[in-house]
Amino acid sequence: MTSLKYLSLMALLFFTGCATEMHQKIKLDLPAYSPIKIEEYKELIFVPFFIMTESTRPSSASEQNPVKLELEKEKSETKAEQGPSREEQKKTISPIEVQREIMKYFVSEFSRRFKGEIRQETQALTSPEALRSPEYWISLVNNAQASLIFTGQANFKAEIRKAILYRSSPSRADQSEEDLFGPEKKLEARHVFTLDLQLALIKAATGEIVLERSFKETKMTPDLNYPAHFALYELMQRVKLILFRQIFGEERPQERYLLIK
Amino acid sequence: MKRFNLVFILIPTLSLFLSLPAFTYPFPRRSWPGLLFRPVLGQQLYYPYYGKNKINYEDFKWKVYKTDNFIIYFYVNELDLVSTLATAAERAYFRVSEILKHKLSQPTPLIYYRTYTDFEQTNLFQVSEGVLGVSEPVLHRIALHGDMPSDELLDLVVHELTHIFQFDLLWGRPLAPIYTVIQPPLWVFEGLSEYLTGRWSPWSALIVRDAVLNDRIPELTENGELLSRYPLPRDPAYDFGHALYEFIEHRFGRSGIREFWSSLKNLPAVAISRPEITKRSFNLKTKEFNQAFKRYLRERTKPFLTRENPEDYSITLGPEFPMNPYYFAFSHALSPSGDIAATITYNAKDEDIDIVLISTKDGRVLKNITKGYTSRYEYIRFEVDPSAGPGLAWSPDGDYLAFFGRDGRRYSLFIVNAFKGNTLKKIAIPYDQPASPCFDPNGKSLLFTAFERGWRDIFRLDLNSGELVNLTQDAHYEKAPSISPDGQWLAFTLREDGFDHIYIAPLHNLRERRQLTSGSWNAITPVFSPQGDKIYFAGDQREAYNLYVYDLKTSTMHRLTDVRTGNFFPYPIKNDPKKLVFASFNKGSFQLFKSEFALGSEESPSGKNRQSAQDEGPPRLMASLFEEESLVQKEAAIRVEIDPTKIQPYEGLEKLVLTERPPIDAAVSTDGSVYGGSVITLSDMLADHTFLFMATQVRSFRSYFIGYLNQKRRLQFLTMAYDYTEYYYTPYDYLDPSLYYYDYLTYQDAMATRQITAAEFAGYYPLNRYHRLEFSLGAYHFEENYLDPFTLRFFSPGVYGLFWNGNLLQASLSLIGETTFFKAYGPASGYTYRFTLNQALPISSAFFSHTTIQADLRKYFYLGEDIIIALRWEGFMSRGRDPWVFYYGGNNQVRSANFYNLIATEGWYFNAELRFPLINAASTILGQIGPVRGVFFFDLTRSKVKGFPAKFYRYEGDYFSPIIYEFEAIGSYGYGFQFFLLGLPIHLEFAKRLEFPSIRRPFDFSTYGSFETKLWIGFDF
């Protein structure tokens, strides 16, 4: 027993000694690594996106999901209570408007960060395949040394989904709250906006893709009259946050542990 | 003195509720300080005032109408007014929503009052003069009044609705902000609200331009606050916040503003300090941002650089803050001789609005004719916007001045002696917001403007009979009337299509009016020349307001000045008509100047050849809000017609909501006890009905309170139930000479507790702003005993027989009045009183029986320079089989006595204090502790317990042979200091005891002991 007591004491001392290593948590703004040296380019050329529609968009596994419904056209009970409103017109957004909004947004955002010239082309990307065709880009943009092309393809969809919901926790994405004191389960409708973006930065001189990235952002709201162009703007903001970290190496707050001995 | 039952605690609670409605996070049209409700806590040390009355003159019959995005609460019967408001609201929603690309999560409650004085009756916020509308972040409500042109109403709704969008963007949903500690700076909120109106008011543009030209541009600090090193007419958050948003748009585009707000959404809810906003949003350090902002403003203001500086006209005739204490000449009136200008100004020293007489020869301030504080009126009415016209008028014979003062529900016209300031006549005006008084040349009548039925009209008041006639009675906004010297013609301003223009009409028939000016510019405040052949006025054809003259014979108009800031209120001098006395905006305030002007170039009265800064350089301070023209048209096309079948009555108690973050209050007494407590309030949308749940604790004694407060009508009532425990110290050595303890016990060992369980109904009826009646009826159960009954009874078996244990049914009636004017440090001038009668109802012989009378009288003499003599006399008497026992002492009652150690059934005490400033502001390592004030004090008391002589005792010697001293009265004198820390007033005092053997020989007194140090936290009486 005595030996056990001494053994325990030694073990305690050993572990206490190990625990003398101290650390301190610190917060830093760390720049993200950027694979492209954008400051080397003198010009940024915006080529309007290829907008995917139902006919042009390739089918995907998600479309086979029986839970997902087609676009709802009839008025919901909630909308009927509120009466007809201007929101009716804003529930959908045409492909032309999508393209215009995307171009307008990224042109203005890039113009605040990019130190060189900014130019907009009128000819849109003709097909997704053209993205990977260096000849296409070289022929499109003449004498484009030190120029970078920003383009891609986009698909923006607004739909109303219905499902039977059980009591659940609040959705952080759209700051809505489920009814925690309502019935155990009930049929609920949600307005869902999805933005699919494949973005590419292409070296104009060679047609080589220097950065390619896909984004899929979703916004869900119980407001069936939520304007589509508001949702599009919000989704583009999310994309921009991630994209600019990669392109401009924007700093973001990170936690690190500093070991102090 | 401790209030002897909870009526005197809770009725003041009620009073504070009624005079200071609960509110947090204020974001009105114009800034004003928020005021957190402070319920009176158990021992009523913290807040010893009774408050002034907010009177609900009318019982509004509220109705509800829902539009696409609003729930409108209104009481007016004119549906066209509601339609105008609803249209403005939906247009505002469309605009703000499209620009911010955000949709509110739920409809916004919009509460509409017809007039400003109706708006003042709201229970939602405390509204002060000049506030047009308020929005609050807890329930996302907007409240506003509609006495304004429709274009201004749209601007107001846009402004307030933008705040609602801001709350929604930042915190997502109603009630969320009550958990938030850190929030963006004020300019972030107010600047965007002003920016989204899409317009610069001439007043706002003037402030910015003046600051830029004088190199006084406010700057952002590291934590994002907008700070001005120089005094500005109002918080820079509004005007410079607007400019900041325009700069952000100019530099970073419209999306830059949206991105800015996106970054604000990620602010932590709780933090020690805000992160650097400019770095997060624009990748610019604060100094870089400031530099770019200033350069932008200077560039935009360049065209004005070469124009006239007001100081080129003449010497400044004043006011000249800080050379004298008067800041701002809101408006002025010239004596008939032209030698003296009477000016409404802000007295920075007294924190009051005054009328001062200034010599137009050398700018000397001759006299302040409204010096000091008065209860004749609450305040002198003035307008900051010059287009409303001057705030006072000088009679043609030179003997009188006329101005409007706030008097009860509305206003009165005061005719005062021009040189003495004494009131000669007071005439109540039954209309809202009277302004611009103008004497008839015969001096028998006076014209002015005021709101009736939602429009500003011109009225004539017969000064002898008091007869009032509406001269215009039309659906237009008339302002600033001026009568020709021969009394035949009237010149005035009329607002149409968003612009003010000069009209002239025969005085006997204003419908035959002729328009003198027109176009997209403003011409305001016309004044006839002494000969009556010309009209002088101010106009902004060149963006800055300049002085103009219109020749009635030739119908030509000439500009007289080309100032870089703004010139207003031109008055020709009768004996020297070429000279004008006028106000010019210079270095942050209006000042008076006098000058002679040559006729400048002839200008077109229609502004066709309007010269704009745009012609000379960068665009004006105006932004095109929508990026697409189609959205402009869409906004203009929005129209809401009210469907009467969809109007619903307002149910009131249908839905209750938590209205604010429960406050936490604390106080410390001289015995070292810490008091703390909090309250939860639930009320309806209009705050007419409030449910209260309050819990407090002092030492280990907890108290609970639940109540319902109805503030809908003039007579307001509170029903409540509570369980309340308080403590005091039985005076073992004062009460009975045989009680003598030597070193075994201290006074604190004689602590007794009183627990009261009660149900009560209380009512409050304000007679006017200053005086009110309070009444109550309650049933109480008392349990009282020593905290440590064993120890005390061991030393004093059965001696102290004054504990109340039993039941009481009591009715109470009080008359309360407070005219006291308060400054930041406490009461400054006026008087306060309270008379109370409590009568126990003889429902049963087993119930307590007594009649109690109580009086509290206070008077404050303001000697100037913040030196005050404060006097208080408080008396009480309880007779009957079971007289009530009062306890008092300590703090600022009787300083040489221990805290709550004097008990009595009858008695009084008197306090006299000389309070004076020592240090105005002191910055220490603990923070700002100023102002620091000093006090010399004297107090005196005499009291008795039923069945015992009216004596105080002091014991010396030992237990077996004590020496007993008797006194008819005791008191104290001494000195002390008061300073503020974290908003709490802290008193450090040194008191010495006075002893009066006979009250009939007041000068035959002695002192005892040395000066004792007393420390306590609480406000002065």
- Does a side-chain heavy-atom distance below 4.5 Å link A:Y233 with B:H102? no
- Message: More than 12 heavy atoms of other residues, nucleotides or ligands under 6.0 Å from NZ of B:K66: yes or no?
- Response: no
- Give a yes or no on whether A:E117 atom CD has more than 12 heavy-atom contacts from other residues, nucleotides or ligands under 6.0 Å away. no
- Roughly how far apart are B:F252 CZ and A:S111 OG, rounded to 0.5 Å? 10.5 Å
- If you take all heavy atoms of A:N225 and B:K103, which pair is closest and at what distance? O-CE, 3.7 Å
- Using side chain to side chain donor-acceptor pair (under 3.5 Å) as the criterion, list what pairs up with B:Y245, not counting sequence neighbours. B:W261
- Approximate separation, where rounding is to 0.5 Å, of A:K240 NZ and B:S262 OG: 7.5 Å
- What residues form a side-chain contact (heavy atoms from CB on, under 4.5 Å) with A:V192, not counting sequence neighbours? A:E159, A:R161, A:R190, A:T194, A:T218, A:M220
- Query: Do A:H229 and B:E98 have side-chain atoms, one donor and one acceptor, less than 3.5 Å apart?
  - Reply: yes
- Return yes when atom CD1 of A:I164 has more than 12 non-hydrogen atoms of other residues, nucleotides or ligands closer than 6.0 Å, and no otherwise. no
- For the atom pair CD (A:E109) and CD (B:E259), what is the distance rounded to the nearest 0.5 Å? 4.0 Å
- Message: Quick check for you: to the nearest 0.5 Å, what is the distance between B:K101 atom NZ and A:F230 atom CZ?
- Response: 6.5 Å
